[in-house]
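Right, one structure below, let's go through it.
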Amino acid sequence: AGTGEQATVGELFHNRRDWTIHALGDDWQLRPRHVTDVVWNGRKRVFRVRTMRGAEIVATANHPLRTVDGWTLIENLGVGDRVAAARELRCFESRRHTPCAVTQHAQAGASTTFASENEACSWADGTRDCARYSNESDIVWDTIVSIEPAGIQDTYDLTVEEDHNFVAGSLIVHNSHSTAYALLAYQTAYLKAHYPVEFMAALLSGDIPGRNFKRKDSLIEHIEDCARMEIEVVHPNINTSDVDFTVDDKKIYFAMSAIKGCGGGAAEAISDERKKNGPFKTIYEFCERVEASACNRAAIETLIKAGAFDST
């Protein structure tokens, strides 16, 4: 907001620096606000939201956008819904507040959703809060044209002073309050301090859906954390491992579903059969007891390579 420089939230997280961003005030005017923190929020499933005017944002389903009816989660939005977008992004470095390099909506195209004040007030159901719909405000009402899955990505959240929102991809989005992060940080710190083995097992299980076998992922990093914390992670074993990471005798047992090529379906079939009829004595018995449709040859070979059959 000060210079017109643009950056992703991920870039701010990895390259910490003083940063000012555009935020929407109660008077429906954009103003500069200081970013007080950037928090990594894990690898999560994200969605790409596109609008009629060309705005675009990638965010989680539970991320709120500003709509006519207030803050609404992306998962509750659909094609045709109206969302608030910045009419124009101005640099606030000088008193003149002149348009700068990141100007997005200085020109109104055919799809612009400027509303007359009378029309807009009718949307407000008689509340007479017409400022947010007036052409004197800093926002326009854009229309969503698509919401599509965008895979699993690293996600981040900004903490913004005072207004607790910011402009991202031209759209007005809400940020999580620092109070919520403080509470979360306290809870996780307590669990990690008092129940370190259980905490790390849960953390490792949460890493399974986002595994990336082409590079070092968060699961490997958290296993390295276990080593630093002197927590033993027992290698995979068809007679002791479960679908997710489990804890027994202050040790973490590696999850079969976290093994490349095994998968959740095969891990569940192995675990269910073992719980019903006891441990597997040999690989031949294993093949007789576990349905081939659930655990095929490729999965068995993967388990062998991972050392899961070393005890049989």
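Ile259 and Ile220 end up in the same hydrophobic cluster when Ile, Leu, Val, Met, Phe, Trp and Tyr side chains are linked at under 4.5 Å. Under the 4.5 Å side-chain heavy-atom criterion for grouping Ile, Leu, Val, Met, Phe, Trp and Tyr, Leu73 is not connected to Val68 through any hydrophobic cluster. Cluster annotation: Ile144 and Val46 are assigned to distinct hydrophobic clusters (Ile/Leu/Val/Met/Phe/Trp/Tyr, side-chain heavy-atom contacts under 4.5 Å, transitive). Taken together through direct or relayed side-chain contacts under 4.5 Å among Ile, Leu, Val, Met, Phe, Trp and Tyr, Met52 and Val79 form parts of separate hydrophobic clusters.
Two residues are said to be in side-chain contact when any heavy atoms from C-beta on lie closer than 4.5 Å; Arg66 and Val83 fail this criterion. Residues Ile238 and Thr312 meet the side-chain proximity criterion, which asks for heavy atoms closer than 4.5 Å. Between Val234 and Ile252, every side-chain heavy-atom pair lies at or beyond the 4.5 Å cut-off. Residues Val49 and Ser146 are not in side-chain contact: their nearest non-hydrogen atoms beyond the backbone lie 4.5 Å or more apart. Contact of the Ile270 side chain with the Val243 side chain is not registered, since no non-hydrogen atoms from C-beta on lie closer than 4.5 Å. Under the 4.5 Å side-chain criterion, counting only non-hydrogen atoms from C-beta, Leu303 is not in contact with Pro236. Side-chain contact between Thr60 and Phe47 is absent, with no heavy atoms from C-beta onward closer than 4.5 Å. The shortest side-chain heavy-atom distance between Thr155 and Trp40 does not fall under the 4.5 Å cut-off.
Proximity of the aromatic rings of Tyr253 and Phe245 is defined here by a centroid distance below 6.0 angstrom, and this criterion is not met. For an aromatic pair to be called close, the ring centres must be under 6.0 Å apart, and Phe309 with Phe286 satisfies this.
Here the CZ-CD1 distance, from Arg45 to Ile152, works out to 4.5 Å after rounding to the nearest 0.5 Å. Here CG of Leu24 is found 10.5 Å from CZ of Arg33. Values are rounded to the nearest 0.5 Å. Note: Lys281 NZ to Arg289 CZ = 8.5 Å, rounded to the nearest 0.5 Å. To the nearest 0.5 Å, the span separating CH2 on Trp71 from CG on Asn165 amounts to 4.5 Å. Distance check, rounded to the nearest 0.5 Å: CG of Asp69 to CZ of Arg82 gives 11.5 Å. A distance of 11.0 Å separates OG1 in Thr51 from CD1 in Ile147, rounded to the nearest 0.5 Å.
A distance-only check finds no donor-acceptor pair linking the side chain of Asn239 to the backbone of Pro279 [under 3.5 Å]. Thr246 places no side-chain N or O within 3.5 Å of a backbone atom of Asp242 that could act as its donor or acceptor partner. The backbone N or O of Ala227 sits nowhere less than 3.5 Å from a side-chain atom of Glu230 that would complete a donor-acceptor pair. Between the side chain of Asp244 and the main chain of Ser205, no donor-acceptor pair closer than 3.5 Å is present. In terms of modelled atom types and a separation under 3.5 Å, the side chain of His222 and the main chain of Met200 share no donor-acceptor contact. With hydrogens and angles disregarded, no donor-acceptor distance shorter than 3.5 Å links the side chain of Ser241 to the backbone of Ala255. Between the Glu273 side chain and the Ala269 main chain, no donor and acceptor come within less than 3.5 Å of each other. In this structure, Asp249 contributes its side chain and Lys251 its backbone to no donor-acceptor pair below 3.5 Å. In this structure, the side chain of Asn277 does not engage the main chain of Arg274 through any donor-acceptor pair within 3.5 Å.
A salt bridge between Glu56 and Arg50 is present, with a side-chain N of the basic residue lying under 4.0 Å from a carboxylate O of the acidic one. Arg43 has a carboxylate O that lies under 4.0 Å from a charged side-chain N of Asp154, or vice versa, which qualifies the two as a salt bridge. Electrostatic pairing of Asp142 and Arg87 does not count as a salt bridge here, judged by no charged N lying under 4.0 Å from a carboxylate O. Comment: Lys305 does not engage Glu301 in a salt bridge, judged by the lack of any side-chain N to carboxylate O separation of less than 4.0 angstrom.
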Between Ile208 and Leu219, does a side chain to side chain contact (heavy atoms under 4.5 Å, CB included) hold up when you go through it step by step?
CA-CA 7 Å; Ile208 295 174; Leu219 189 143; 4.3 Å; yes
Output, in order, the C-alpha distance, side-chain angles, deciding distance and verdict of side chain to side chain contact (heavy atoms under 4.5 Å, CB included) for His235 and Phe254.
CA-CA 6 Å; His235 66 75; Phe254 201 93; 5.8 Å; no
Evaluate Thr67 against Leu77 for side chain to side chain contact (heavy atoms under 4.5 Å, CB included), listing each step before the verdict.
CA-CA 9 Å; Thr67 69; Leu77 292 172; 3.8 Å; yes
Pair Thr72-Asp81, side chain to side chain contact (heavy atoms under 4.5 Å, CB included): steps then yes or no
CA-CA 10 Å; Thr72 305; Asp81 287 336; over 6 Å; no
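Heavy-atom neighbours of Arg228 CZ from other residues, nucleotides or ligands within 6.0 Å: above the threshold of 12. The environment of CD in Glu285 is crowded: more than 12 heavy-atom neighbours from other residues, nucleotides or ligands sit within 6.0 Å.
Between Ala150 and Val58, the closest heavy-atom pair is CB-CG1, 4.3 Å. Nearest heavy atoms, Ala55 versus Gly169: CB-O, 3.4 Å. Nearest heavy-atom pair across Pro196 and His194 is CD-C, 3.4 Å. Taking every heavy atom of both residues into account, Ile21 and Val167 meet most closely at CD1-O, 4.2 Å. Of all the heavy atoms in Ala267 and Ser257, the pair that sits closest is CB-N, 3.8 Å.
Of the residues Val140, Thr143, Leu171, the one that meets the side chain to side chain contact (heavy atoms under 4.5 Å, CB included) test with Arg53 is Val140.
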